[in-house]
Amino acid sequence: MTSVPKRWPGLSGPQEVVRRDRSFDVEALRADFPILRRQIHGKPLVYLDNAATAQKPQAVIDSVSRYYEQDNANVHRGVHYLSERATEEYEGARKTIQYFLNAADASEIIFVRGATEGINLVAQTYGRANVGRGDEVLISAMEHHSNIVPWQMLCEVKGAKLRVIPINDSGELIWEEFEKLLGSRTKMVAVTHVSNALGTVNPVRRIVEQAHRANVPVLVDGAQSVPHIEVDVQALDCDFFVFSGHKIYGPTGIGVLYGKSALLDAMPPYQGGGDMISSVTFEKTTYNKLPYKFEAGTPHIAGGIGLGCAIGYLNGVGIERVERHEHDLLAYATRAVGEIPGLLVIGTAAEKAGVLSFVMEEIHPHDIGTILDQQGIAIRTGHHCAQPVMQRFGIPATARASFALYNTREEVDALVSGLKKVREVFA
Ligand SMILES: Cc1ncc(COP(=O)(O)O)c(C=O)c1O
């Protein structure tokens, strides 16, 4: 393969993680992730819980410790050297994220704690200002709780109504129902790009087009898309986009809200405090410009720097290569588990990314997870913070294997033999 990573202007510092080896050598990539050398219960770790959180490459771990060891100071405040260094690195990370999402301007990138906080921010600022009694917020039946509850809370306060686009038996949105539900009362459409419980990739470009025809803004929950598929917020034309750092090889406690500047400018701030102001008197406060208006208080500086580095790392590997590799793994795993008697895959959409959810006849998913754990295999079991998805399929829980760039076909084989062992135990 000859493609090279996007050369992003201005990329320097910990974000500049360029891999010399331009082939997709999964073993070389695995060596970048120290935790993958661990043994669990005496077996090599097979980590297939990436939709919950991804592991971190050494470069990211180093960027965080280097900040604390060498550059620790507060940002945007001091005139001294360390404060300038910290600010440079933190703002450099914002630029990296701008290029990564192809946002029009770095000021459209707001640092938040994660996807959850990004959605709450939009619900509590844009939502409170624009959603009123009798209005509607439209979400889908495959949302994570973090893209349900904030809208529910808003609707409760405002006397608005939450409407839900249903999904079919494959776990795909029913388009005609979406068209029917989108109406003059709709004030916001909030949908996931990729479902964490089913793996479905939603046609967000088409959703945005349709919603914009009705003058309705769209928030896209990208928590499960950015690690797996290329995202261009200008091409999608979405109004808001959120994701979490820890699912894309970065630290926990940091994430991103992207918003179109015209919308962000018009929105009231979320939290009050330092950094988000331009001037304060007891009579009146004026707010800072974007993005700082939405970043009250000392931010998660190390997290921002680590996230910039994680995205630099992913860019160095090449998202299109990651997409191809994970697509191959998912197809391989889907075929392999399909041969296990009594196993049913939940979520069989034509377009999927990263996630393989399943149930096994007469075996509770928690038992599957526990037996696999004894073999060093980490998967997730439960409702995956998507209880309505479980209700839709009439099941209490699923077992879920989810993939990252460092997973291999051998690990899928280990999962399959582990599942055969589960069957033997319950035979
Ligand atoms: C689709 C989706 N949205 C939102 C979230 C929430 O992410 P966080 O807990 O990092 O805020 C998750 C986490 O699993 C998710 O999968």
J.: Test side-chain contact (heavy atoms from CB on, under 4.5 Å) on Phe358 and Leu419; report intermediate values, then the result.
T.: CA-CA 11 Å; Phe358 55 90; Leu419 292 172; 3.8 Å; yes

J.: First locate atom CG of Asn407, then atom CD of Gln55, and finally report the distance between them rounded to the nearest 0.5 Å.
T.: 10.0 Å

J.: Can a donor-acceptor pair be found, under 3.5 Å and without considering hydrogens, that links the side chain of Lys161 to the backbone of Glu136?
T.: no

J.: Quick check: do Pro251 and Val60 have side-chain heavy atoms less than 4.5 Å from each other?
T.: yes

J.: Regarding Asn50 and Tyr406, is there a side-chain donor-to-acceptor distance under 3.5 Å anywhere?
T.: yes

J.: Are any side-chain N or O atoms of Glu230 and backbone N or O atoms of Ile319, one a donor and one an acceptor, separated by less than 3.5 Å?
T.: no

J.: When you compare the side chain of Gln210 with that of Glu179, does any pair of heavy atoms fall below 4.5 Å?
T.: yes

J.: Got a donor-acceptor contact below 3.5 angstrom from the His145 side chain to the Gln387 backbone?
T.: yes

J.: Thr96 and Gly312: which non-hydrogen atoms are nearest, and at how many Å?
T.: CG2-N, 4.4 Å

J.: Please answer whether the main-chain N or O of Val226 pairs with a side-chain N or O of His228 as donor and acceptor at a distance below 3.5 Å.
T.: no

J.: Counting only heavy atoms not in Gln39 (residues, nucleotides, ligands), do more than 12 fall under 6.0 Å from its CD?
T.: yes

J.: Measuring from atom CG of Leu181 to atom OG of Ser140, what distance do you get when rounded to the nearest 0.5 angstrom?
T.: 11.0 Å

J.: Kindly state whether the ring of Phe100 and the ring of Tyr258 have centres lying under 6.0 angstrom apart.
T.: no

J.: For the residue pair Ile379 and Thr381, what are the closest heavy atoms and their distance?
T.: CD1-CG2, 4.0 Å

J.: Which heavy atom of His80 sits nearest to which heavy atom of Ala73, and what is that distance?
T.: CE1-CB, 3.8 Å

J.: Answer yes or no: is there an ion pair linking Asp49 with Arg400, defined by an N-O contact shorter than 4.0 Å?
T.: yes

J.: Between the main-chain N or O of Gly171 and the side-chain N or O of Thr200, is there a donor-acceptor pair closer than 3.5 Å?
T.: yes

J.: Within the 4.5 Å heavy-atom criterion, are Leu330 and Lys352 side-chain neighbours or not?
T.: yes

J.: Which heavy atom in Ser225 sits nearest to a heavy atom in Val231, and how many Å separate them?
T.: OG-CG2, 3.9 Å

J.: Any salt bridge linking Lys95 with Glu91? Criterion: basic side-chain nitrogen under 4.0 Å from a carboxylate oxygen.
T.: no

J.: Search all heavy atoms of Asn147 against all heavy atoms of Thr192 and return the closest pair with its distance.
T.: ND2-N, 4.2 Å

J.: Just by modelled atom types, is the Asn288 backbone N or O under 3.5 Å from a matching donor or acceptor in the Lys293 side chain?
T.: no

J.: Check whether any side-chain heavy atom of Arg30 lies under 4.5 Å from a side-chain heavy atom of Thr408, and answer yes or no.
T.: yes

J.: If I take atom CG from residue Asp275 and atom OG1 from residue Thr298, how far apart are they, to the nearest 0.5 angstrom?
T.: 7.0 Å

J.: Looking at Glu69 and Arg66, is any side-chain nitrogen of the basic one under 4.0 Å from a carboxylate oxygen of the acidic one?
T.: no

J.: Take Met188 and Leu219 through the test side-chain contact (heavy atoms from CB on, under 4.5 Å) and record every step on the way to the result.
T.: CA-CA 8 Å; Met188 170 65 76; Leu219 177 143; 4.2 Å; yes

J.: Counting N and O atoms only, with roles assigned by atom type, does the side chain of Thr286 sit under 3.5 Å from a partner on the main chain of Ser279, one being a donor and the other an acceptor?
T.: yes

J.: If you count every heavy atom of other residues, nucleotides or ligands that lies below 6.0 Å from Arg213 atom CZ, does the total exceed 12?
T.: yes

J.: List the steps and the verdict of ring pair (Phe, Tyr, Trp, His ring centres under 6.0 Å) for Phe111 and Tyr90.
T.: CA-CA 10 Å; Phe111 280 119; Tyr90 185 66; 4.8 Å; yes

J.: Taking atom CD of Glu351 and atom CD1 of Ile229, what is their separation to the nearest 0.5 Å?
T.: 8.5 Å

J.: Before you tell me yes or no, could you show the steps for Lys56 and Asp62 under salt bridge (Lys or Arg N to Asp or Glu O under 4.0 Å), namely the whole-Å CA-CA distance, both residues' side-chain angles and the distance that decides it to 0.1 Å?
T.: CA-CA 10 Å; Lys56 322 303 172 201; Asp62 289 347; over 6 Å; no

J.: Would you mind reporting whether Val137 and Lys187 have side-chain heavy atoms less than 4.5 Å apart?
T.: no

J.: If we ignore hydrogens and angles and just use 3.5 Å, is the side chain of Asp32 paired with the main-chain N or O of Gln58 as donor and acceptor?
T.: no

J.: Taking the six-membered ring of Tyr332 as reference, does the NZ or CZ atom of Arg409 fall below 6.0 Å from its centre and within a 45° cone about the axis?
T.: yes

J.: side-chain hydrogen bond (donor to acceptor under 3.5 Å, both in side chains) for His144 and Asp221? Distances and angles first, verdict last.
T.: CA-CA 9 Å; His144 186 280; Asp221 173 358; 5.8 Å; no

J.: Taking all non-hydrogen atoms of both residues into account, name the closest pair between Pro166 and Ala141 and its distance.
T.: CA-CB, 4.2 Å

J.: How long is the span from the CZ atom in Phe243 to the NE2 atom in His193, to the nearest 0.5 Å?
T.: 13.0 Å

J.: Any heavy-atom pair between the side chains of Phe403 and Leu48 that's under 4.5 Å?
T.: yes

J.: I'd like to know whether the aromatic ring centres of Phe240 and Tyr126 sit less than 6.0 Å apart in this structure.
T.: yes

J.: Of Ile165, Asn168, Ile207, which is the lone residue that meets side-chain contact (heavy atoms from CB on, under 4.5 Å) with Trp175?
T.: Ile207

J.: Charged N to carboxylate O under 4.0 angstrom, Arg205 versus Glu209?
T.: yes

J.: How far apart are the C-alpha atoms of Val389 and Ile346, what are their side-chain angles, what is the distance that settles it, and do they pass the side-chain contact (heavy atoms from CB on, under 4.5 Å) test?
T.: CA-CA 10 Å; Val389 173; Ile346 306 291; 5.6 Å; no

J.: Would Lys260 and Asp237 pass as an ion pair if we require N to O under 4.0 Å?
T.: yes

J.: Just by distance, with hydrogens left out, do Glu84 and Thr87 show a side-chain donor and acceptor under 3.5 Å apart?
T.: no

J.: So for atom NE2, which belongs to His327, do other residues, nucleotides or ligands contribute more than 12 heavy atoms lying within a distance under 6.0 Å?
T.: no

J.: Would a 4.5 Å heavy-atom cut-off, applied to side chains only, mark Phe393 and Val359 as touching?
T.: no

J.: Using modelled atom types and a 3.5 Å cut-off, is there a donor and acceptor pairing between side-chain atoms of Thr125 and backbone atoms of Leu121?
T.: yes

J.: For the residue pair His325 and Leu329, establish whether any side-chain heavy-atom pair is separated by less than 4.5 Å.
T.: yes

J.: side-chain contact (heavy atoms from CB on, under 4.5 Å), that's the test. Do Leu138 and Leu182 meet it? Break it down for me.
T.: CA-CA 7 Å; Leu138 190 50; Leu182 185 67; 4.3 Å; yes

J.: Please confirm whether the backbone N or O of Ser261 pairs with a side-chain atom of Glu108, one donor and one acceptor, at under 3.5 Å?
T.: yes

J.: With rounding to the nearest 0.5 Å, note down the distance linking CZ in Arg133 to NZ in Lys158.
T.: 10.0 Å

